[in-house]
Number of protein chains: 2
Amino acid sequence: MASDSKPTINDVARIAEVSKKTVSRVINKSPLLSEKTRKRVENVIADIGYVPNPQARALALRRNFVIAAIHDNPNAQFLVNVQQGVLDGLAGSDFNLMVKPVDRKSPNITEDIRDFLERQRPYGVVLLPPISENDEIARLCDDLGCRYVRMGSVKLDEAEHTVSSNDREAVREAVSYLIKKGHRRIALIEGPSGFTSPQERRAGFEEAMAAAGLEVDEALVRPGSYTFESGVSAGQALVELENRPTAIFACNDEMAIGAMIAARRSGLLIPEDVSIVGFDDTPLSSHVWPSLTTVRWPIVDMARTAAKKLISPEDAEANATWLLPSALIERSSVVPPTV
Amino acid sequence: MASDSKPTINDVARIAEVSKKTVSRVINKSPLLSEKTRKRVENVIADIGYVPNPQARALALRRNFVIAAIHDNPNAQFLVNVQQGVLDGLAGSDFNLMVKPVDRKSPNITEDIRDFLERQRPYGVVLLPPISENDEIARLCDDLGCRYVRMGSVKLDEAEHTVSSNDREAVREAVSYLIKKGHRRIALIEGPSGFTSPQERRAGFEEAMAAAGLEVDEALVRPGSYTFESGVSAGQALVELENRPTAIFACNDEMAIGAMIAARRSGLLIPEDVSIVGFDDTPLSSHVWPSLTTVRWPIVDMARTAAKKLISPEDAEANATWLLPSALIERSSVVPPTV
DNA sequence: ACGCGCAATGGCACCGGTGTCAATAAATAA
DNA sequence: TTATTTATTGACACCGGTGCCATTGCGCGT
């Protein structure tokens, strides 16, 4: 029953009594073919169950059908969302997704990635934040002639290679929302320094405060590193303050939830004593109690757009959009201050 | 500065004044080569920055260097852990990881996967649970001559193609732990029916109860689907019981946390009023309050072992181990019953 | 000195597709 | 009717490696 080995284009050609080239034309849907031969060849293909060999195609075309996602982001949900988005964007095409994690702390990331690109030669790569902000990597892709798209926060404003979210505006909106609810003493838990997205988020925070004529109290701004633990310590420091904030904006959900737990440990009620807002809208945020009001980061859309940009450079729509909107998701971790 | 295009094996051969075949021998570390020519060729390779073309190799060897992870599991943390494990197992080899998600609810999963395998022709695939339990898929791999490893719970006991965890024993241990703490009315939130792992976990539960001479109260056994929401509803039903349980064992962490939230909504304190134990040891479990006592599922190890089985069939160690141990992680969601 | 075995290398076809261009047949123009 | 397009198809080299087998050079036993 089982076949000795896969039928090749030669088998099809022989059986259909045409040349390989003609078969090639059929599988590539070339228009210069008589309807008659096309049918005949298609029947043979179906009969013997021929499937073109991607390796051979890749060799002949000097272009394989692999998109790689390069990341150094340890957040599981983020990663899975990106993968899903990229796969959405790739759906219906011949492309497949390869994942390449790199060690953020390794001193030879660049070499590692160069090695990967040279060996695997993906057709294109999606660079996920935060490594997408590394200009050296982008330059490397250029040098190696590898298509790439960088995902990030606005600022990487080179439309051809970029898909961004407008974090600044999103945070401005979220903080304005807190202010509208009546909060005045609003704390900020920052993201790791040295990257664009935390900077943008901080800028949005400052803009919202400024727009409402409020001053940013530096005592209410705590560093964080996007990890749960850093949220816990920042949150703890904040609630132990003599004049504690009535609301906390954390630059991502994990830290927001960390802060929530820290507040609760100190005996505070949420949201009555402290309102909390996060950023990302991970599933986590609706799984905690109270559920977390947060900013939905359009990460899946960004990833889908990035993938489309890579594989269909002619798709005007994909290539026009490079800045995607965020949205505030109201849940139950915010109420007006009770003081 | 930039190269017109990548140097090929022909360039190396010409410059080093040897045949392509000799260069091929050098890059494949063939032993039948004089030290002198090897050095010379290696120098040329380094000089011009030659990297072998994987597509050409794949074509000639009729074997590419891609391992695919096929999954239909929506859990982000699980997925990322598996990916990490597989990549660990692949580290140092020429292999790369491709991800292929499939839609669990789609009626033509098999066709979808067949299409993927025929087109992409990965060297091997790792089947993640729950789709790993689908015998049809395994048979498909056999038919297509594609190496595969199924990850699962014990029962798929075909050592060559399987890497498992002993869920039954792990649950037995966890429930015995609850019993040792003094609990008698212990509830179970099950996983989705029709899969091995929930069955095994349930069996472990029953064994532990039986071993302690306790009877399983069917009113305390609630269905679940491994989702947070199903944990909430099961938990709610349990705490609203007239004679509510003093401890709940949930078949995964998400449901355990759902149950936790349901209990809290009903005004119960955790762990004082209800102790809770989960399964998986996701990061989530240490991020909730109180932190969740749970069973560590050796998923990363399983995935690493699976990858090794695929790429180095000669690795005796990888091929001997197909059953990996779990471990109980004690955190703060369990105390003796206060009644 | 001669034949032999072995180590080191080369030659060439082949893996399974695609690009280029020529060849043929059919259709249209002159 | 014949020259000229135009629509279809084929021949053949090539993409960049590897497998198989032939060839060459050299140390060695006799």
Side-chain angles (χ1 to χ4, degrees), chain A residues 3-42 44-45 48-66 94 117-123 144-145, chain B residues 3-42 44-45 48-66 94 118-123 145:
Chain A
S3 43
D4 307 313
S5 71
K6 303 245 151 85
T8 74
I9 198 171
N10 295 302
D11 301 325
V12 178
R14 184 165 31 73
I15 299 175
E17 297 178 305
V18 294
S19 71
K20 325 163 47 163
K21 185 66 228 191
T22 300
V23 179
S24 169
R25 290 197 179 95
V26 172
I27 60 187
N28 288 298
K29 305 198 198 315
S30 157
L32 5 75
L33 255 180
S34 76
E35 205 47 44
K36 214 179 58 181
T37 31
R38 154 167 298 135
K39 269 279 174 300
R40 181 149 47 92
V41 173
E42 277 173 351
V44 174
I45 290 180
I48 67 176
Y50 164 69
V51 180
N53 179 320
Q55 273 76 40
R57 266 164 69 84
L59 178 58
L61 288 168
R62 267 173 240 86
R63 142 205 224 281
N64 65 15
F65 290 86
V66 168
D94 287 339
L117 293 178
E118 285 186 333
R119 287 192 184 286
Q120 188 55 42
R121 310 196 191 182
Y123 177 74
L144 264 38
Chain B
S3 43
D4 307 314
S5 70
K6 302 246 153 86
T8 74
I9 198 172
N10 295 300
D11 301 324
V12 178
R14 184 165 30 77
I15 299 176
E17 296 177 306
V18 294
S19 70
K20 327 163 44 163
K21 184 67 234 193
T22 299
V23 180
S24 170
R25 291 199 177 93
V26 172
I27 61 189
N28 288 298
K29 305 198 198 312
S30 157
L32 6 73
L33 257 180
S34 77
E35 205 46 46
K36 216 178 55 179
T37 32
R38 156 167 297 136
K39 268 280 175 301
R40 183 148 48 92
V41 173
E42 277 173 349
V44 175
I45 289 179
I48 67 175
Y50 164 71
V51 180
N53 179 321
Q55 273 75 39
R57 264 165 71 87
L59 178 57
L61 289 167
R62 268 174 240 85
R63 145 206 223 281
N64 66 16
F65 290 87
V66 168
D94 286 340
E118 284 187 331
R119 287 189 183 289
Q120 188 54 46
R121 311 197 188 180
Y123 178 75

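Labels below follow one simple rule: chain letters A, B, ... track the order of the sequence lines, proteins then strands, and each chain is numbered from 1.
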Margin query: What is the separation between atom NZ on Lys36(A) and atom C1' on dA26(C), rounded to the nearest whole Å?
Written below: 12 Å
Identify, with sequence neighbours excluded, every residue that meets side chain to side chain donor-acceptor pair (under 3.5 Å) alongside [X].
| X | value |
| --- | --- |
| Tyr50(B) | none |
| Ser30(A) | none |
| Asp94(B) | none |
| Arg38(B) | none |

Sequence neighbours excluded and cut-off under 3.5 Å, please list the side-chain donor-acceptor pairs for residues 53-61 of chain B, or say none.
residue	atom	partner	partner atom	Å
Asn53(B)	OD1	Gln55(B)	N	2.6
Asn53(B)	OD1	Ala56(B)	N	3.1
Arg57(B)	NH1	Asn28(B)	OD1	3.3

Check: Hey, where on DNA chain D does chain B first and last touch, going 5' to 3'? Cut-off is any atom under 4.0 Å from a heavy atom.
Finding: dG16(D) to dC20(D)
Item checked: Sequence-distant partners of Arg14(A), salt bridge (charged side-chain N to carboxylate O under 4.0 Å, His left out), two or more places apart ->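 Here the qualifying residues are Asp11(A).
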Checklist line | Arg62(A): salt bridge (charged side-chain N to carboxylate O under 4.0 Å, His left out) partners, not counting sequence neighbours | finding: none
Check: Mind checking whether Ile9(A) and Ser24(A) have side chains closer than 4.5 Å, heavy atoms only?
Finding: yes
Check: For Asn10(A), which contact category applies under a 4.0 Å heavy-atom criterion: base, sugar-phosphate, or nothing?
Finding: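 Nothing: the residue Asn10(A), judged by heavy atoms under 4.0 Å, touches no strand.
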Item checked: Per-nucleotide pairing state of DNA chain D [Watson-Crick or G-U, under 3.5 Å; [ ] pseudoknot-crossing; | other strand] -> ||||||||||||||||||||||||||||||
Notebook entry, point to check: In terms of the nearest nucleotide of DNA chain C, which residue is placed more toward the 5' end: Leu61(B) or Pro31(B)?
Noted result: Pro31(B)
Notebook entry, point to check: Residues in side chain to side chain contact (heavy atoms under 4.5 Å, CB included) with Glu17(B), at least two apart?
Noted result: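 Applying side chain to side chain contact (heavy atoms under 4.5 Å, CB included) to Glu17(B) gives Arg40(B).
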Close N or O pairs between protein and nucleotides 9-12 of chain C (under 3.5 Å):
residue	atom	partner	partner atom	Å
dT9(C)	OP1	Ser34(B)	OG	3.2
dT9(C)	OP1	Thr37(B)	OG1	3.0
dT9(C)	OP2	Ser34(B)	N	2.9
dT9(C)	OP2	Ser34(B)	OG	3.4
dT9(C)	OP2	Thr37(B)	OG1	2.8
dG10(C)	OP2	Ser19(B)	N	2.8
dG10(C)	OP2	Ser19(B)	OG	3.1
dG10(C)	OP2	Thr22(B)	OG1	2.5
dG10(C)	O6	Arg25(B)	NH2	2.8

Check: Tell me the salt bridge (Lys or Arg N to Asp or Glu O under 4.0 Å) pairs involving residues 18-33 of chain B, sequence neighbours left out?
Finding: none
